[in-house]
Amino acid sequence: PARELTQNPLHKTWEPYDNGLPAGHSAQRGVCMTNCPTLIVMVGLPARGKTYISKKLTRYLNWIGVPTKEFNVGQYRRDLVKKYKSFEFFLPDNEEGLKIRKQCALAALNDVRQYLSEENGHVAVFDATNTTRERRETIYKFGEENGYKTFFVESVCVDPEVIAANIVQVKLGSPDYVDCSNDEATEDFMKRIECYKNSYETLDETLDKDLSYIKIMDVGRSYLVNRVMDHIQSRIVYYLMNIHVTPRSIYLCRHGESELNLKGRIGGDPGLSVRGKEFAKSLAQFINEQNIKDLKVWTSQMKRTIQTAEALGVPYEQWKVLNEIDAGVCEEMTYEEIQENYPLEFALRDQDKYRYRYPKGESYEDLVQRLEPVIMELERQENVLVICHQAVMRCLLAYFLDKPAEQLPYLKCPLHTVLKLTPVAYG
Amino acid sequence: AWASYMTNSPTLIVMIGLPARGKTYVSKKLTRYLNWIGVPTKVFNLGVYRRQAVKAYKSYDFFRHDNKEAMEIRKRCALVALEDVKAYLLEECGQIAVRLCWAEQGFISGAELTLKRASFPPLQVFFVESVCDDPEVIAANILEVKVSSPDYPERNRENVMDDFLKRIECYKVTYQPLDPDVYDKDLSFIKVINVGQRFLVNRVQDYIQSKIVYYLMNIHVQPRTIYLCRHGESEYNLVGKIGGDSGLSPRGKQFAQALKKFIEEQEIVDLKVWTSQLKRTIQTAESLGVTYEQWKILNEIDAGVCEEMTYAEIEAKYPDEFALRDQEKYLYRYPGGESYQDLVQRLEPVIMELERQGNVLVISHQAVMRCLLAYFLDKSADELPYLRCPLHTILKLTPVAYGCKVETITLNVEAVNTHREKPSLNSLPASQTPIGMRRNSFTPRASADTVKRPRHYSVGSKPLDLLGPFPSLE
């Protein structure tokens, strides 16, 4: 006889039970299923954007629900060697330096092992230069011994302008150069890069043909992708191919106040209130003043965001996936009515607001999955204004500000407020 | 359409590569995918134009680069094809043209540059090159698709193989692969090496090119089988109610048992089983006694205010909605619910993952199964909502040559018929407002009732009774 199915009161998913105990056999498809942990290994000379990519990739993977952590070997070095003196630490014949750097790499790998094998991490990003085949071989063996799939991400760049810009953006403010002038820091850093150049062995189409990797050239002009093994690697490649570093701003705001907002009711498809219409006009004025180049405007397919965009007098695109969270049976109710009619649901929501799914509706977790294509397209775009809804805006904001699931549903996104996001350094 | 923002300008995809490198396979598959997600795409195969110009193919001599007469014919074919491409992109609202050309760059650059300059708005050109040096793969390709080509009616394998390999040698003389470092560094292209083992991607310009690259990187040619079926007959099916979250009827449970037996008999290696998050598909999977994954995006189409009603009730309560749906079933969105078009967008990650996977059984729902089937069988948006996906029937899909073989397996367990044919045009009232106007409004078009119909807990669930490890609440 088939096992009993019971509906989880929080997620509303059906799970099989055997004599009152949860049974195996059924898995929830998260956004990304990872069967075995993945070790991502960054490769590249200094100032090639490795840390930028590691942090961004980590942020994206965590947002879509794949527990990920980055391990920056430079940070381990800073913790061990309290005071950075000069580039000479990195000279290839500096025995003392080599010893310390190897020690740091091993310490970091140890922490990787702990994270992936003991702490339920799914992906670890190992951020270091890893410029020699020998070092990569060591790491690959480490991955094999522990049952991890290894994926290399190499950033190759020869454009001196890009490298100079990177140095200015992130290296001058590094703890290593806290006592130096900008000129001194730049000079030292360029010499540091030289230390690595002689022994740099780039990933090779023939020698490394059995490894899984992506080689990013000139900040995304072209890519070489080799042996993508599974779903998560395929998603990582897709993400890396869509991000860019062109300066731009993203504006997030909600629709103007709606008729239902006034009555304290959630959901539905109401129009703007009088004050909401005023906001739309102010928004139009604000946008004009900002003088934004080639601004794209996106709305949901709900009346209130569309009415708001209409006031701007510019073309806008409607995305159904930007619609507000579906409150199912609670649509168009006030919180008091929900508490009265569905007291259990009301309590459950406060217990775990991120995972809680309204009956016949959605959860924040569902929303994140629904919004992933928006994030991907936002990464591809430049200046964008997204006019959306409270829960939706919280999800998007959590992605940009790297907020974890527990905090996401409580992020402050009040009406009639615009958040202007500009990428800077690593954030 | 949700895909409308994807491309502002039309795109010309140019397939490049020696013969038997999978160009036609990739173009057909890519075209099928793009049309399914709503981007009008068409393939222009120069081989077809050549066959129309030269009635009977004699031998590989036609393709020798020093065969002047043949060269003239091929040039003419290229220009005719180009005219057709132009017409499709500029006059027929096509979004993407996929052009299969002969390997020589010369045929394309001159003519296509002209097209590029002439078109308005600007035309994006994206090259897809297939490079293969594995002789086994090439031989397999020739056997799979060339032996049955119209060029070789006598189908003597050895002769075909021999002639075709000589044909390839003709091309090799003048073939110039894309060079990312020097000559072609400013072009937008993807080079697919050894059937997807490696890719070189250069200067992706826009969203659609990025999606094409992602798709090409996820498809594979390993033989495998996809099984599509619906959940067993449900309690709601029995009473004619749509949607909801009901459990299986006794006959539905019988089907689940029969499905288990069928799957065991098929002896499928490493079969993955996917269900939706609705009870009826999960109950069906439970009977199989194997691990399965639940996908929320495989849930049945959301009928909004019409959830849990019978068609008779819908016709009585929302007569205009009912009529509208029959007029334009693909685009019609239930008030507060979804359309088939929305469903396709929702299902795109499922298709992408199905492409990555091997043997999979997908236990889903009528509308969902229609969408998936339309993708595999290249059915248009008009046909999609009327595809036959009866209960208790499994569709076994096997990729073969340029398409998909379908096998229908009925498990001989009786069930109600949930299929509605498209009514004849006479019985449809004239529509008042265009279908495309429907947003996410909860208010049905013509009904006097403007209060949203409350949804109830589904029959059979236990809303307030907590079991197992969940904390009890005071």
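Predicted model only: the values in this text are computed from it and were never measured. We name chains A, B, ... by the order of the sequence lines, and we start the count at 1 in each one. Just so you know, these numbers use all the heavy atoms, side chains as well, and skip hydrogens, waters and symmetry mates.
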So, for [X] and [Y], which heavy atoms are closest and what is the spacing to 0.1 Å?
| X | Y | value |
| --- | --- | --- |
| B/Val201 | A/Met241 | CG1-CE, 3.9 Å |
| A/Met217 | B/Leu200 | CE-CD1, 4.4 Å |
| A/Trp14 | B/Ile282 | CB-CD1, 3.6 Å |
| B/Ser210 | A/Arg380 | CB-NH1, 3.4 Å |

Of the backbone (N, CA, C, O) and the side chain (C-beta and beyond), which part of [X] lies under 4.5 Å from a heavy atom of chain B, both, or neither?
| X | answer |
| --- | --- |
| A/Asp218 | neither |
| A/Glu205 | both |
| A/Arg221 | both |
| A/Met333 | neither |
| A/Asn226 | both |

Is the closest basic N to carboxylate O distance between B/Lys211 and A/Glu377 below 4.0 Å?
-> no
Supply the atom-to-atom distance [X] [atom1] to [Y] [atom2], rounded to the nearest 0.5 angstrom.
| X | Y | atom1 | atom2 | answer |
| --- | --- | --- | --- | --- |
| A/Arg235 | B/Tyr214 | CZ | OH | 5.0 Å |
| A/Asn323 | B/Asp342 | CG | CG | 9.0 Å |
| A/Thr13 | B/Gln294 | OG1 | CD | 6.0 Å |
| A/Ile214 | B/Phe199 | CD1 | CZ | 11.5 Å |
| A/Ser222 | B/Ile190 | OG | CD1 | 12.0 Å |

Would the number of heavy atoms belonging to other residues, nucleotides or ligands and lying under 6.0 Å from CG of B/Asp270 be above 12?
->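 It does not: B/Asp270 CG has 12 such atoms or fewer within range.
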Does atom NZ of B/Lys272 have more than 12 heavy-atom neighbours, drawn from other residues, nucleotides or ligands, at distances under 6.0 Å?
-> no
Do [X] and [Y] come close enough that some side-chain heavy atom pair is under 4.5 Å?
| X | Y | answer |
| --- | --- | --- |
| B/Arg333 | A/Gln301 | yes |
| B/Gln357 | A/His231 | no |
| B/Arg346 | A/Val321 | no |
| A/Lys360 | B/Asp302 | no |

Between A/Arg357, A/Lys215, A/Lys209, which has the largest tally of heavy atom pairs under 4.5 Å with chain B?
-> A/Arg357
Stepwise, does the side chain to side chain contact (heavy atoms under 4.5 Å, CB included) test hold for A/Gln7 with B/Lys279?
-> CA-CA 9 Å; A/Gln7 193 173 43; B/Lys279 196 172 176 187; over 6 Å; no
Which portion of [X] sits near chain A, non-hydrogen atoms under 4.5 angstrom:
| X | value |
| --- | --- |
| B/Ile297 | side chain |
| B/Glu355 | neither |
| B/Arg203 | both |
| B/Val273 | neither |

